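These notes are about the structure you will find just below.
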2 protein chains.
Amino acid sequence: MARPRNFDEEDVLRKAMALFWSKGYESTSLAELLQTTGLSKSSLYETFGSKRELFLRAFQLYKKDRMDGLTEGLSHPDAYLALTNAFKTVLDGKGSQMGCMTANEAIELAPHDPKLQEMVESDFYNIEEVFRQTIERGKENGSLRAGLDARKIARFLTVSLQGINVMIRAQAKREVLEDFISVVLEKLNERE
Amino acid sequence: MARPRNFDEEDVLRKAMALFWSKGYESTSLAELLQTTGLSKSSLYETFGSKRELFLRAFQLYKKDRMDGLTEGLSHPDAYLALTNAFKTVLDGKGSQMGCMTANEAIELAPHDPKLQEMVESDFYNIEEVFRQTIERGKENGSLRAGLDARKIARFLTVSLQGINVMIRAQAKREVLEDFISVVLEKLNERE
DNA sequence: ATGGTTATGGACTAAACAGTCCATAATGGT
DNA sequence: ACCATTATGGACTGTTTAGTCCATAACCAT
């Protein structure tokens, strides 16, 4: 019926995501987006409408990808092992150098962009929730001590993760992050 | 002998700092800088050379100001009280909404700008050091338990602070941060 | 008060920016 | 094979960007 697209939308979104993730929104130019996605200007505008809309869709995809990864990483029945593993993965995972796109946008865009503030906030809340559920599960099956305040510890882990993301992006020494994570994880073990 | 400047250099730097702190480097235009400092273009370029050099000087001033504030906040002889107070101050302090400029630049500029990476890294190290010294002092005068690993806990506090800065900029609910800080501070109290 | 010196307003530039538009290319159904 | 439809390359636009430059203004020592 009509001429077909010669690109895959999700593929393009992932390439755009990597760029925005690495450089931020403002510092990523349309020219760069065109170059790394391989799209022409018309195709990009026809398909996504504007730089901002492209960004929003890329960011949504990031949130989904990351949440899927986190949920899967936390799926181990032993909650302590699950959480330990999740935190250690952050040091060597895919976006090891780039930190977390949500943390990046929390700093770059959230303060002056209500829409993004909301997207960032909801992502942080989702992270808190998946941590909380993991902790509840651990309390139930005995892999974490019963006295833990699940919500409080979940918030502790969520904010801790953002600290790690900042340090990663600043290229902090590995030992600093290892020390940090080891102290964070002690919180899950200690007797009161 | 010659026509005098009709502005105070440090005053201008502080105004520029506030702008860069709030909006980041790229998103702050020269036009805005001129408007809020009141300088003319010629004066700004004559005095500071370029947008980047102005930014660097503003950032240096920020680092100095903040380190002075932190050192003073930690001067209380009781190290536990000193640290408690320092963390609680972050919630209501001056740049309450804007987070920490160093954390902001860690995310915006450090990954692609070696000079800034270095400035950010050294700031984080200085924070770690002032925490460490406070902890050592606490161990000596009995306000903290002797078993603490000062460097490790100092790193824990440093990274924790960056987590808080991200959340503040994302306008996280106060209770989330209060929960976080309360867990962080427990680390200073607990028996092993 | 005049001259040497620096500060400053404002016109100017070149490049980069996001975004628009249209003529043409490529397709698949008939 | 042709038509209706959508995709695309590339020319084009208006704005904003950081930065330059020069003629003039303001000052202070003499």
Side-chain angles (χ1 to χ4, degrees), chain A residues 1-60 101 104-105 108-109 112-116, chain B residues 1-60 101 104-105 108-109 112-116:
Chain A
M1 233 179 188
R3 179 176 175 179
R5 288 183 174 155
N6 69 352
F7 61 90
D8 177 58
E9 200 166 303
E10 187 168 317
D11 189 56
V12 166
L13 277 176
R14 263 180 236 284
K15 284 172 178 162
M17 180 215 296
L19 214 49
F20 284 129
W21 185 0
S22 167
K23 311 197 30 168
Y25 178 73
E26 287 292 343
S27 294
T28 300
S29 73
L30 218 45
E32 281 173 303
L33 286 165
L34 298 179
Q35 197 177 342
T36 73
T37 61
L39 291 195
S40 72
K41 211 169 244 195
S42 348
S43 301
L44 190 145
Y45 276 88
E46 177 66 25
T47 311
F48 301 102
S50 68
K51 181 187 173 187
R52 172 166 234 264
E53 287 172 279
L54 172 59
F55 171 80
L56 290 176
R57 291 201 46 195
F59 186 32
Q60 270 154 0
M101 189 171 175
N104 298 353
E105 304 318 329
E108 186 191 1
L109 301 178
H112 304 99
D113 189 327
K115 167 98 183 175
L116 263 117
Chain B
M1 232 180 188
R3 179 176 175 178
R5 287 183 175 155
N6 69 352
F7 60 90
D8 177 60
E9 200 166 304
E10 188 168 315
D11 188 56
V12 166
L13 278 175
R14 261 179 237 286
K15 284 173 179 162
M17 180 216 295
L19 215 50
F20 283 129
W21 186 359
S22 167
K23 311 199 26 168
Y25 178 73
E26 286 292 343
S27 295
T28 299
S29 73
L30 218 45
E32 281 174 303
L33 286 165
L34 297 179
Q35 198 177 343
T36 75
T37 61
L39 292 195
S40 73
K41 211 168 243 194
S42 346
S43 300
L44 191 145
Y45 276 88
E46 176 67 25
T47 310
F48 301 103
S50 69
K51 181 187 174 186
R52 171 165 234 264
E53 288 173 277
L54 171 60
F55 172 80
L56 290 176
R57 292 202 46 197
F59 186 33
Q60 271 154 358
M101 189 171 175
N104 298 353
E105 303 318 329
E108 187 191 0
L109 301 178
H112 304 100
D113 188 327
K115 166 97 183 175
L116 263 117

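Values below: all heavy atoms of this structure, side chains included; hydrogens, waters and symmetry mates excluded. Labels below follow one simple rule: chain letters A, B, ... track the order of the sequence lines, proteins then strands, and each chain is numbered from 1. These figures come from a predicted structure and were not determined experimentally.
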Distance, rounded to the nearest Å, where [X] contributes [atom1] and [N] contributes [atom2]:
| X | N | atom1 | atom2 | value |
| --- | --- | --- | --- | --- |
| Leu34(B) | dA7(C) | CG | P | 17 Å |
| Phe48(B) | dA18(D) | CZ | P | 16 Å |
| Leu33(A) | dA18(C) | CG | P | 8 Å |
| Phe7(B) | dA26(D) | CZ | P | 16 Å |
| Gln35(A) | dA18(C) | CD | P | 13 Å |
| Leu44(A) | dG10(D) | CG | P | 16 Å |
| Glu32(B) | dT17(D) | CD | C1' | 12 Å |
| Glu46(A) | dT6(D) | CD | C1' | 8 Å |

Per the side chain to side chain contact (heavy atoms under 4.5 Å, CB included) rule, which among Asn6(A), Asp11(A), Val12(A) passes with Asp8(A)?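 Checked Asn6(A), Asp11(A), Val12(A) against Asp8(A); only one passes side chain to side chain contact (heavy atoms under 4.5 Å, CB included): Asp11(A).
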Kindly say whether, by distance alone, the side chain of [X] makes a donor-acceptor pair under 3.5 Å with the base of [N]?
| X | N | value |
| --- | --- | --- |
| Lys41(B) | dG10(C) | no |
| Ser42(B) | dG10(C) | yes |
| Ser50(A) | dG19(C) | no |

So, Thr37(B) side chain and Leu33(B) main chain: donor-acceptor pair closer than 3.5 Å or not? yes
From the set [options], return the single nucleotide nearest to any side-chain atom of [X].
| X | options | answer |
| --- | --- | --- |
| Tyr45(A) | dT20(C), dA18(D), dG9(D) | dT20(C) |
| Leu30(B) | dT8(D), dA18(D), dA18(C) | dA18(D) |
| Ser43(B) | dT8(C), dA7(D), dG9(D) | dT8(C) |

Taking only side-chain nitrogens and oxygens of Asn6(A), does any of them come within less than 4.0 Å of OP1 or OP2 of dT8(D)?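 Yes, within the criterion.
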With a cut-off of less than 4.0 Å, is there a side-chain N or O of Ser40(B) near OP1 or OP2 of dG9(C)?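 Yes, such a contact exists.
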Gap separating the NZ atom of Lys15(B) from the CG atom of Leu19(B), nearest 0.5 angstrom: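 Reported value, rounded in 0.5 Å steps: 11.5 Å.
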Please confirm whether Lys51(A) makes a cation-pi placement over Tyr25(A), using NZ or CZ under 6.0 Å from the six-membered ring centre and within 45° of the ring normal.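 Yes, a cation-pi geometry holds between Lys51(A) and Tyr25(A).
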Taking the side chain as everything from C-beta on, heavy atoms only, tell me whether Met17(A) gets closer than 4.5 Å to Phe59(A). no
Ranking Arg52(A) and Thr47(B) by the position along DNA chain C of their nearest nucleotide, the one closer to 5' is Thr47(B)
Using a 4.0 Å heavy-atom cut-off across all strands, classify Ser27(B) as base, sugar-phosphate, or nothing. nothing
